[in-house]
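A quick write-up on the structure given underneath.
Given the structure is predicted, the values throughout are model-derived calculations rather than measurements.
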Amino acid sequence: MESINQKFLFAIMLSMVSVSIYAQPRITIDHNTGAAANAEFKFKRVPSPSRDDAASTATLTIVDGEADPNSADTRALTDGLLPNSDDQPRRNFFLKAGSGGGRLRMDLGRVIEIAEIDTYSWHPDTRGPQVYRLWASDGTDSRFNPEPKANIDPAACGWKSIAIVDTRSNDEDKDGGQFGVSITDASGSLGRFRYLMFDCYVTEVADDFGNTFYSEIDVVAKK
């Protein structure tokens with residue numbers, strides 16, 4: 001449990017220092033509860049998941065950590081098939097219970113200009129919120145490490161910090177439901193990248209079940 005607490009505190013520290021290091025993109029967060037949280041994944045501001053985005057043909061690899069035995073495999077994040085209830089393990093990807101999170105790398109197959117990155121999750125309890133740091137790379141840096149473990153700083157091996165996402169509220173009892181996150185930039189482009197890495201953190205450390213039920217990840221190429 002100590003290692004989880006350490007990683008949880010590290011996530012908080014990262015969010016405190018990141019603003020001074022990197023210009024922040026626009027992060028839009030929507031939260032559906034009650035009847036609004038349903039299989040349609042419709043939000044007020046965040047677009048609904050797409051079945052035809054740049055991530056649909058991407059390859060996802062667990063760089064650090066381990067999938068939970070009850071989780072779907074990583075393809076659930078890009079297949080366009082969404083859960084139709086709020087506690088459907090085989091329609092979501094989530095990391096092993098009791099772990100302190102993990103890192104997922106998405107390989108888009110080629111360098112593209114990215115306009116938007118959207119992430120979706122759904123769970124009735126503390127596995128609903130999303131807490132992650134997004135990194136990106138075009139893979140051309142001579143120092144590039146495609147699989148940096150948790151003890152390696154991605155910034156030191158060819159990765160750029162894009163955003164820190166934390167959809168939790170101040171009241172844990174209200175954090176269940178459906179979350180949609182959209183990451184954009186005022187310029188219309190987040191940059192030209194081939195690889196994305198999601199450094200995922202637990203949402204709470206009171207028990208072993210703080211790893212988010214991620215339902216889908218969309219990557220929208222700039223037209």
Side-chain angles (χ1 to χ4, degrees), residues 3-19 21-22 24-31 46 49 55 58 60-68 71-72 74 76-78 92-97 99-108 114 116-123 126-137 147-155 159-169 172 175 177-185 190-191 193 195-205 209-220:
S3 62
I4 297 178
N5 282 323
Q6 289 174 343
K7 189 156 189 177
F8 189 73
L9 291 172
F10 183 58
I12 296 173
M13 291 169 62
L14 284 176
S15 65
M16 292 173 63
V17 302
S18 64
V19 174
I21 300 175
Y22 301 104
Q24 292 297 292
R26 182 166 47 210
I27 301 174
T28 303
I29 298 171
D30 273 336
H31 183 200
V46 174
L60 271 162
T61 303
I62 301 175
V63 171
D64 191 81
E66 185 178 349
D68 191 274
S71 169
T74 56
L77 296 172
T78 57
N92 294 278
F93 174 83
F94 52 102
L95 293 157
K96 187 177 180 179
S99 70
R103 288 177 171 177
L104 299 176
R105 186 195 67 218
M106 177 180 285
D107 181 357
L108 297 167
I114 298 175
E116 184 176 332
I117 298 170
D118 304 320
T119 58
Y120 305 89
S121 59
W122 194 11
H123 191 269
T126 53
R127 290 183 168 197
Q130 302 177 28
V131 185
Y132 66 85
R133 186 168 188 169
L134 175 63
W135 299 85
S137 177
E147 298 187 357
K149 301 298 183 182
N151 62 341
I152 298 175
D153 178 8
W159 293 87
K160 177 183 178 182
S161 179
I162 301 298
I164 289 178
V165 171
D166 188 344
T167 71
R168 294 171 298 179
S169 70
E172 188 177 285
D175 277 347
Q178 200 173 66
F179 287 88
V181 176
S182 184
I183 303 171
T184 57
D185 190 272
L190 291 167
F193 305 110
Y195 302 99
L196 301 174
M197 185 166 65
F198 298 83
D199 199 352
C200 302
Y201 301 98
V202 292
T203 64
E204 50 88 12
V205 294
F209 305 106
N211 283 303
T212 301
F213 269 37
Y214 286 100
S215 305
E216 193 78 8
I217 298 174
D218 283 356
V219 178
V220 181

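Shown here are the side-chain hydrogen bond (donor to acceptor under 3.5 Å, both in side chains) partners of Asp218, two or more places apart in sequence or in another chain: there are none. Remark: Phe94 engages Phe213 in a ring pair (Phe, Tyr, Trp, His ring centres under 6.0 Å) (not counting sequence neighbours). Thr212 pairs by the side-chain hydrogen bond (donor to acceptor under 3.5 Å, both in side chains) definition with nothing, not counting sequence neighbours. Considering only residues two or more places apart in sequence or on other chains, Phe193 meets the ring pair (Phe, Tyr, Trp, His ring centres under 6.0 Å) condition with none of them. Legend: residues meeting ring pair (Phe, Tyr, Trp, His ring centres under 6.0 Å) with Tyr214, ordered by chain and number and at least two apart, are absent. Residues meeting the salt bridge (Lys or Arg N to Asp or Glu O under 4.0 Å) test with Glu172, sequence neighbours left out: none. Applying the side-chain hydrogen bond (donor to acceptor under 3.5 Å, both in side chains) criterion to Glu216, with sequence neighbours excluded, gives no partner residue. Applying the salt bridge (Lys or Arg N to Asp or Glu O under 4.0 Å) criterion to Asp68, with sequence neighbours excluded, gives no partner residue. Residues meeting the side-chain hydrogen bond (donor to acceptor under 3.5 Å, both in side chains) test with Ser169, sequence neighbours left out: Asp175. Residues that satisfy the salt bridge (Lys or Arg N to Asp or Glu O under 4.0 Å) test with Asp185, not counting sequence neighbours, are absent from this structure. Qualifying ring pair (Phe, Tyr, Trp, His ring centres under 6.0 Å) partners for Tyr120, counting only residues two or more places apart in sequence or in other chains: none. The side chain to side chain contact (heavy atoms under 4.5 Å, CB included) test applied to Ala58 returns Met106, Leu108, not counting sequence neighbours.
Looking only at distances, a side-chain donor or acceptor of Arg103 sits under 3.5 Å from a matching main-chain atom of Lys149. A donor-acceptor distance shorter than 3.5 angstrom exists from the side chain of Asn211 to the backbone of Lys96, with no hydrogens or angles considered. Although no hydrogens or angles enter the test, the distance criterion places no donor-acceptor pair under 3.5 Å between the side chain of Ser182 and the main chain of Asp118.
One distance of note links CZ of Phe198 with CG of Leu77; it measures 8.5 Å at 0.5 Å rounding. Here the OH-CZ distance, from Tyr201 to Arg133, works out to 6.5 Å after rounding to the nearest 0.5 Å. Rounding to the nearest 0.5 angstrom, the gap separating the CD1 atom in Ile183 from the CD atom in Glu116 is 9.5 Å. The distance from the CD1 atom of Ile152 to the CG atom of Asp64 is 9.0 Å, given to the nearest 0.5 Å.
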Worked check of side chain to side chain contact (heavy atoms under 4.5 Å, CB included) between Ser99 and Glu66: CA-CA 8 Å; Ser99 70; Glu66 185 178 349; over 6 Å; no

Determine, step by step, whether Ile114 and Val219 satisfy the side chain to side chain contact (heavy atoms under 4.5 Å, CB included) criterion, reporting the C-alpha distance in whole Å, the side-chain angles of both residues, the deciding distance to 0.1 Å, and the verdict. CA-CA 7 Å; Ile114 298 175; Val219 178; 4.0 Å; yes

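Summarising the geometry of Gln130 relative to Phe179, their closest heavy-atom pair is NE2-O, 3.4 Å, with the distance given to 0.1 Å. The two atoms that bring Tyr132 and Thr119 nearest to each other are OH-OG1, 3.0 Å, heavy atoms only. Closest heavy-atom contact between Ala136 and Ile162: CB-CG1, 3.7 Å. Across all their heavy atoms, Cys200 and Leu95 have their closest contact at CB-CD1, 4.2 Å. In this structure, Gly210 and Arg127 approach most closely via the heavy-atom pair N-NE, 4.5 Å. When all heavy atoms are compared, the tightest approach of Gly128 to His123 is N-CB, 3.6 Å.
Counting heavy atoms from C-beta on, the side chains of Leu134 and Val165 never come closer than 4.5 Å. At a threshold of 4.5 Å between non-hydrogen side-chain atoms, the residues Pro148 and Met197 count as touching. Looking only at side-chain heavy atoms (C-beta outward), Phe93 and Ile62 come within less than 4.5 Å of each other. Using a 4.5 Å heavy-atom threshold, the side chains of Ile217 and Leu196 count as separate.
Checked by atom type, the side-chain pair Arg168/Thr203 shows no donor-acceptor distance below 3.5 Å.
Looking at Thr28, Ile29, Val181 one by one, the single match for side-chain contact (heavy atoms from CB on, under 4.5 Å) with Val46 turns out to be Thr28.
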